[in-house]
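As a basis for the values below, the full set of heavy atoms in this structure was taken, side chains included, without hydrogen atoms, waters or symmetry mates. Chain A is the first sequence line, chain B the second, and so forth, proteins listed ahead of strands; every chain is numbered from 1.
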Protein chains: 2
Amino acid sequence: MATSHTQSTAGVRDLYGGRRVSAARRTIADAAALIRGAFTVEQLHDAVQLSEPGIGIATVYRAVAAMSATGSVAPVGYRAGSALYALCPGGTHHHHLVCTGCGSVVGIACPVDRSLEDAARKTGYTVTGHEVTLYGLCRSCAGECD
Amino acid sequence: MATSHTQSTAGVRDLYGGRRVSAARRTIADAAALIRGAFTVEQLHDAVQLSEPGIGIATVYRAVAAMSATGSVAPVGYRAGSALYALCPGGTHHHHLVCTGCGSVVGIACPVDRSLEDAARKTGYTVTGHEVTLYGLCRSCAGECD
DNA sequence: GTGTTAGTGATAATCGTTCTCACTAAGGAC
DNA sequence: GTCCTTAGTGAGAACGATTATCACTAACAC
Ligand SMILES: [Mn+2]
Ligand SMILES: [Mn+2]
Ligand SMILES: [Zn+2]
Ligand SMILES: [Zn+2]
């Protein structure tokens, strides 16, 4: 049995909001934390298999949906037809810059400020939400030279 | 034959870049212009059928891909599992505010400024692109009262 | 401890999108 | 205008990510 979870039980509880925390969901949360970057559900499922074979991919889909609902996982775009997600424990509003080379992710400040919403309001619209994602290259993916 | 195209041939040429412009692509461009808001490929296909039955949905997918490649059509999110697009003839860099009620779309200024990219650069990342979409309600979808 | 029911895993189903292929016609060369 | 090349077309099959189904198990409120 490969049951050494890096997250405390209380920490995992937070990730899933008030929902039940099963052994599978603990393993899935641990695997997501180890990836530490953008992942598809299939990639996360593969990572999960390494420590706990037998966990079904439907369970990974459900765990990602549950963590998305609480905001502890955020969608960060699409890659080759699959949705990309990243673990996002921080509580404050922010967005993500994703390395298109390796999938690493850093948080960025929200650029949607009052003035933009005011401009939108002038056209008669009420702004209820927004999506912002930046793409780029991390230091190691950008350069030959270092 | 319902062959009264609102777009000039030259205008349609621009939409498709240097590519060949068939009768089907003229009809598709006209239908997209009439929708004047966000649409799924299936919705656009339905609209096309009204004036020219027989145009296959694969042809609509290909036309949307061609217009996306030239920037005359922009992706503006997802609705119920399908990609949303909007006609976007303007040449300057901007983003979109989509009414979640009726699908109407207005352009908005890009909020990703130098300072945000500088902050990203400080973390070691080079920014190569970004996606920004705002969601909200247009005047008629927002209020009972008017 | 018990009971309720959310979560699980295998599998099938869904469905948006892409591919295949034989055919047609756009448009450049002359 | 005619010819040629080949991009575009339409029908249908194929693909594949995601979701639904269902009998079973276990989380956790009491
Ligand atoms: Mn984050
Ligand atoms: Mn636009
Ligand atoms: Zn990288
Ligand atoms: Zn509206």
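At a non-hydrogen distance threshold of 4.0 Å, nothing from residues 68-76 of chain A comes into contact with DNA chain D.
Checked against side chain to side chain contact (heavy atoms under 4.5 Å, CB included), Arg36(B) has no partners two or more places apart in sequence or in another chain. With sequence neighbours left out, the side chain to side chain contact (heavy atoms under 4.5 Å, CB included) criterion links Ala47(A) to Ala31(A), Ile35(A). Checked against side chain to side chain donor-acceptor pair (under 3.5 Å), Thr92(B) has no partners two or more places apart in sequence or in another chain. Scored by the side chain to side chain contact (heavy atoms under 4.5 Å, CB included) test, Arg79(B) finds Gln43(B), Leu84(B) as partners (sequence neighbours excluded). Looking at residues two or more places apart in sequence or on another chain, you find a ring pair (Phe, Tyr, Trp, His ring centres under 6.0 Å) between His96(A) and His94(A). Every residue meeting the side chain to side chain donor-acceptor pair (under 3.5 Å) condition with Thr70(B), not counting sequence neighbours, appears here in chain and number order: Ser72(B). For Cys138(B), the side chain to side chain contact (heavy atoms under 4.5 Å, CB included) partners two or more places apart in sequence, or in a different chain, are Tyr125(A), Cys99(B), Cys102(B), Ser104(B), Ser140(B), Cys141(B).
Residue Tyr61(B) has its side chain nearest to dT17(C) when only dT9(D), dT17(C), dT18(D) are considered.
Contact between the side-chain N/O atoms of Arg25(B) and the OP1/OP2 oxygens of dA7(D) is not found at any separation under 4.0 Å.
Within the structure, ring pair (Phe, Tyr, Trp, His ring centres under 6.0 Å) pairs that include any residue of residues 62-88 of chain A comprise Tyr78(A)-Tyr78(B) (at least two apart or interchain).
Connectivity analysis of hydrophobic side chains (ILVMFWY, heavy atoms under 4.5 Å, direct or indirect) links Leu137(A) to nothing; its cluster partners are none.
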I'd like a list of close polar pairs between nucleotides 27-29 of chain C and the protein, N/O only, cut-off under 3.5 Å.
from    : atom 1 : to       : atom 2 : distance (Å)
dG27(C) : OP1    : Val21(B) : N      : 3.0

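Nucleic acid contact for Ala63(A): none, since no nucleic acid atom lies under 4.0 Å from a heavy atom of the residue. When heavy atoms are screened at a 4.0 angstrom cut-off, Ile55(B) is found touching the sugar-phosphate backbone but no base atom.
To the nearest angstrom, P of dT18(D) lies 8 Å from CD1 of Ile57(A). For Arg62(B) and dG12(D), the CZ to C1' distance is 12 Å, given to the nearest whole Å. A straight line from CG of Leu44(B) to C1' of dT17(C) spans 15 Å, rounded to a whole angstrom. We find that NE2 of His45(A) is positioned 12 Å from P of dT8(C), with the value rounded to whole Å. With rounding to whole Å, Tyr78(B) atom OH is found 18 Å from dC15(C) atom P.
Ring geometry, His93(B) versus His130(B): the interplanar angle exceeds 60°, so the pair is classed perpendicular (tilted spans 30 to 60°).
Axis angle between the ends of the helix from dG1(C)-dC30(D) to dC30(C)-dG1(D), five pairs each and rounded to 10 degrees, works out to 60°.
The cluster map of Ile, Leu, Val, Met, Phe, Trp and Tyr, joined by side-chain heavy atoms under 4.5 Å apart, puts Val132(B) and Val105(B) in different clusters.
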